[in-house]
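What follows is a short report on a single structure.
FYI, the numbering just counts along the sequence from 1.
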Amino acid sequence: YKGQGFRVAAVSLDDTPPDIVLDFAKDLKVTFEILQDRSNLSLQTFQGIGLPYSILIDRHGKVVYVALGAEDWHSTEQQARVAALLPGAP
């Protein structure tokens, strides 16, 4: 979905030094952005109640989906949820 303007980011919410966070992500071979929020402001902003949690934000900045716990982003349900946010979606 990257070619359609969809972006994925992981946010580290601890005090781990940035180089260690990036090395960890490299070891996992992630292909998305890695961000760090040592202040936990993102957790407060998006009213996170635990970790891990996932948030989908539409192109207007509105939170349209929040899930606590692991998610299968390859499932038909989650693929449809993402597709609905892409340009040209109904």
Side-chain angles (χ1 to χ4, degrees):
Y1 298 115
K2 185 177 183 178
Q4 295 174 282
F6 188 78
R7 293 175 58 193
V8 174
V11 180
S12 173
L13 297 172
D14 57 31
D15 291 332
T16 304
D19 57 327
I20 293 175
V21 172
L22 293 175
D23 286 345
F24 178 74
K26 188 176 183 179
D27 289 345
L28 292 177
K29 298 181 173 132
V30 298
T31 59
F32 44 83
E33 290 180 77
I34 306 298
L35 309 172
Q36 193 162 28
D37 176 13
R38 290 181 176 181
S39 69
N40 288 330
L41 183 60
S42 62
L43 191 65
Q44 295 168 15
T45 300
F46 296 111
Q47 301 174 359
I49 57 172
L51 297 173
Y53 73 105
S54 300
I55 304 167
L56 289 180
I57 303 170
D58 71 10
R59 63 185 74 102
H60 305 291
K62 180 181 174 191
V63 173
V64 295
Y65 178 75
V66 177
L68 179 60
E71 288 289 316
D72 178 5
W73 292 102
H74 297 286
S75 72
T76 303
E77 178 184 5
Q78 295 298 27
Q79 292 288 312
R81 191 169 270 127
V82 169
L85 297 175
L86 300 174

Does any part of the side chain of Q78, heavy atoms only, come nearer than 4.5 Å to the side chain of Y65, both counted from C-beta? yes
Following the transitive rule for hydrophobic clusters with a side-chain heavy-atom cut-off under 4.5 Å over Ile, Leu, Val, Met, Phe, Trp and Tyr, establish whether V8 and L85 coincide in one cluster. yes
Would you name the heavy atoms of A83 and Y1 that are closest together and state the gap between them? CB-OH, 4.5 Å
Answer whether the closest heavy-atom distance between the side chains of V30 and F24 falls below 4.5 Å. no
Answer yes if L68 and V63 sit in the same cluster of Ile, Leu, Val, Met, Phe, Trp and Tyr residues linked by side chain heavy atoms under 4.5 Å apart, and no otherwise. yes
Do V11 and I55 sit in one hydrophobic cluster, given that two such residues count as connected whenever their side-chain heavy atoms are within less than 4.5 Å of each other, even indirectly? yes
Count I, L, V, M, F, W, Y as connected when their side-chain heavy atoms are under 4.5 Å apart, and connections chain through other members. Are L35 and F6 then in the same cluster? no
Test item: W73 and V82 side chains (from C-beta on) under 4.5 Å apart, heavy atoms: yes
Looking only at heavy atoms, which two atoms of R59 and G88 are closest? And how far apart? NH2-N, 4.4 Å
Heavy-atom closest pair (P52 atom, A70 atom, distance to 0.1 Å) is CG-N, 4.0 Å
Verdict with supporting geometry, V66 and F46, side chain to side chain contact (heavy atoms under 4.5 Å, CB included): CA-CA 9 Å; V66 177; F46 296 111; over 6 Å; no
For the residue pair R38 and P17, what are the closest heavy atoms and their distance? NH2-CA, 3.3 Å
Please determine whether residues L41 and I57 belong to a single hydrophobic cluster, defined as Ile, Leu, Val, Met, Phe, Trp and Tyr linked transitively by side-chain heavy-atom distances below 4.5 Å. no
Under the side chain to side chain donor-acceptor pair (under 3.5 Å) rule, what pairs show up with a residue in residues 25-37, not counting sequence neighbours? R7-E33, D37-S39, D37-S42
Rounded to the nearest 0.5 Å, what separation is found between the CG atom of D14 and the CG atom of N40? 8.5 Å
For the student: nearest non-hydrogen atoms of R81 and L56, plus distance: CG-CD1, 3.5 Å
Could you check whether atom CG of L28 has more than 12 heavy atoms from other residues, nucleotides or ligands sitting under 6.0 Å from it? yes
Between A10 and F32, the two heavy atoms sitting closest are CB-CE1, 3.5 Å
Indicate yes or no: at least one non-hydrogen side-chain atom of L43 is less than 4.5 angstrom from one of L51. yes
How long is the span from the CG atom in D58 to the CG atom in L86, to the nearest 0.5 Å? 11.5 Å
